[in-house]
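As a basis for the values below, the full set of heavy atoms in this structure was taken, side chains included, without hydrogen atoms, waters or symmetry mates. Throughout, residue positions are numbered sequentially from 1 according to the sequence presented.
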Amino acid sequence: WLTILPRPSALALVSGGTQTASVGGTLAQSVAVRLTATDGLSLAGAAISAAITTGGGVVTPLGTVTDSVGGFQFNWQLGALVGVQTATVTSPGVTPLVITATATGTGAVQLRITQQIGATYQAGDSIPALLAEARNVSNVLDAQYGDSVVLSFAVNPTGAALTGTTRVLAVAGVARF
């Protein structure tokens, strides 16, 4: 008997590419790919894997070999960075397939003081502005933030009072007092 085994030829995206989810979120649809042989037919039982290449996150393959129709699927939880993230599917003998997804920011979730003012100054000294940046869940400046920022005491055991401007509009995610 002579058995001729087809050689792998190409990986192709079937569905689930170019999805969008919040940073750290899982894509709504599994990513599905197909491996074909040099004769153009699906290649079943071939070793295959998926891994994150940019952006962090986790891929969870639904197997380690192609199914009966050359298919392979994985779930993808995006990393913490806003923007395009990539995962790469590989199988021996074929060019790797890069798949993209976009992680969107969830908006500002915290304020961080990035420039503080000192405790004392002499007459004539230039006093620097107090700067507070709006940051997203990835701890990255949210340049879209343009809402009001208010200074107040969280704890005030001495009964001190704030004077001057205590409310400003942030510009490009930065509040300047």
Side-chain angles (χ1 to χ4, degrees), residues 1-115 131-147 149 169-175:
W1 295 92
L2 176 63
T3 303
I4 299 174
L5 299 174
R7 291 186 314 169
S9 174
L11 283 165
L13 179 65
V14 174
S15 63
T18 65
Q19 294 181 71
T20 299
S22 296
V23 291
T26 300
L27 297 180
Q29 179 183 6
S30 294
V31 176
V33 301
R34 175 156 289 120
L35 177 63
T36 55
T38 53
D39 60 5
L41 298 176
S42 298
L43 189 58
I48 192 164
S49 64
I52 297 296
T53 34
T54 63
V58 177
V59 291
T60 307
L62 304 178
T64 57
V65 295
T66 56
D67 62 20
S68 62
V69 292
F72 173 74
Q73 292 186 348
F74 63 91
N75 295 318
W76 186 355
Q77 179 183 356
L78 298 177
L81 298 177
V82 172
V84 175
Q85 300 188 18
T86 60
T88 302
V89 179
T90 58
S91 185
V94 297
T95 302
L97 176 64
V98 177
I99 299 162
T100 63
T102 302
T104 58
T106 55
V109 296
Q110 65 178 325
L111 290 172
R112 174 183 283 173
I113 295 176
T114 57
Q115 179 175 296
L131 300 179
E133 291 183 354
R135 301 258 170 173
N136 65 21
V137 295
S138 301
N139 199 26
V140 174
L141 174 67
D142 179 0
Q144 302 300 313
Y145 186 82
D147 208 347
V149 176
L169 280 177
V171 174
V174 178

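For the residue pair Trp76 and Ala87, the shortest heavy atom distance occurs at CH2-N, 3.5 Å. Heavy atoms only, all atoms of each residue included: Val174 and Glu133 are closest at CG2-CG, 4.1 Å. Between Ala101 and Leu78, the closest heavy-atom pair is CB-CD2, 3.8 Å. Scanning both residues, Ser91 and Ala47, for their nearest heavy atoms gives OG-O, 2.6 Å. When every heavy atom of Asp39 is checked against every heavy atom of Pro6, the shortest pair comes out as OD2-CB, 4.5 Å. What you find for Gly16 and Leu27 is that their closest heavy atoms are O-CD1, 4.5 Å.
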(message) Val89 vs Phe74, test: side-chain contact (heavy atoms from CB on, under 4.5 Å). Steps then yes/no.
(response) CA-CA 10 Å; Val89 179; Phe74 63 91; 3.6 Å; yes
(request) Assess whether side-chain contact (heavy atoms from CB on, under 4.5 Å) is satisfied between Asn136 and Tyr145, documenting all intermediate values. (result) CA-CA 10 Å; Asn136 65 21; Tyr145 186 82; over 6 Å; no
(request) Decide yes or no on side-chain contact (heavy atoms from CB on, under 4.5 Å) for Leu13 and Val31, but give the supporting numbers first. (result) CA-CA 8 Å; Leu13 179 65; Val31 176; 3.9 Å; yes
(request) Dump the intermediate steps for side-chain contact (heavy atoms from CB on, under 4.5 Å) on Val33 and Ile48, then the final yes or no. (result) CA-CA 10 Å; Val33 301; Ile48 192 164; 4.1 Å; yes
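Thr90 and Ser49 are linked by a side-chain donor-acceptor pair at a separation below 3.5 angstrom, with hydrogens and angles left out of the test.
The line from OG1 of Thr36 to CG of Leu43 is 8.0 Å long, rounded to the nearest 0.5 Å. Rounding to the nearest 0.5 Å places CD1 of Ile4 at 5.0 Å from CG of Leu2. Remark: Thr88 OG1 to Leu97 CG distance equals 8.0 Å, nearest 0.5 Å. The CG atom of Leu41 lies 11.5 Å from the CG atom of Leu35; values are rounded to the nearest 0.5 Å. The CD atom of Gln85 lies 9.5 Å from the OG1 atom of Thr53; values are rounded to the nearest 0.5 Å. Between atom CG of residue Leu11 and atom CZ of residue Arg34 there is a gap of 11.5 Å, rounded to the nearest 0.5 Å.
Panel note: side chain Thr86, backbone Thr54; a donor-acceptor pair is recorded below 3.5 Å. Side chain of Gln19 to backbone of Gln29: a donor-acceptor contact under 3.5 angstrom is found. At distances below 3.5 Å, not a single donor-acceptor pair connects side-chain atoms of Thr114 with backbone N or O atoms of Ala132. At distances below 3.5 Å, at least one donor-acceptor pair connects side-chain atoms of Gln77 with backbone N or O atoms of Gly24. A donor-acceptor distance shorter than 3.5 angstrom exists from the side chain of Thr66 to the backbone of Ala46, with no hydrogens or angles considered.
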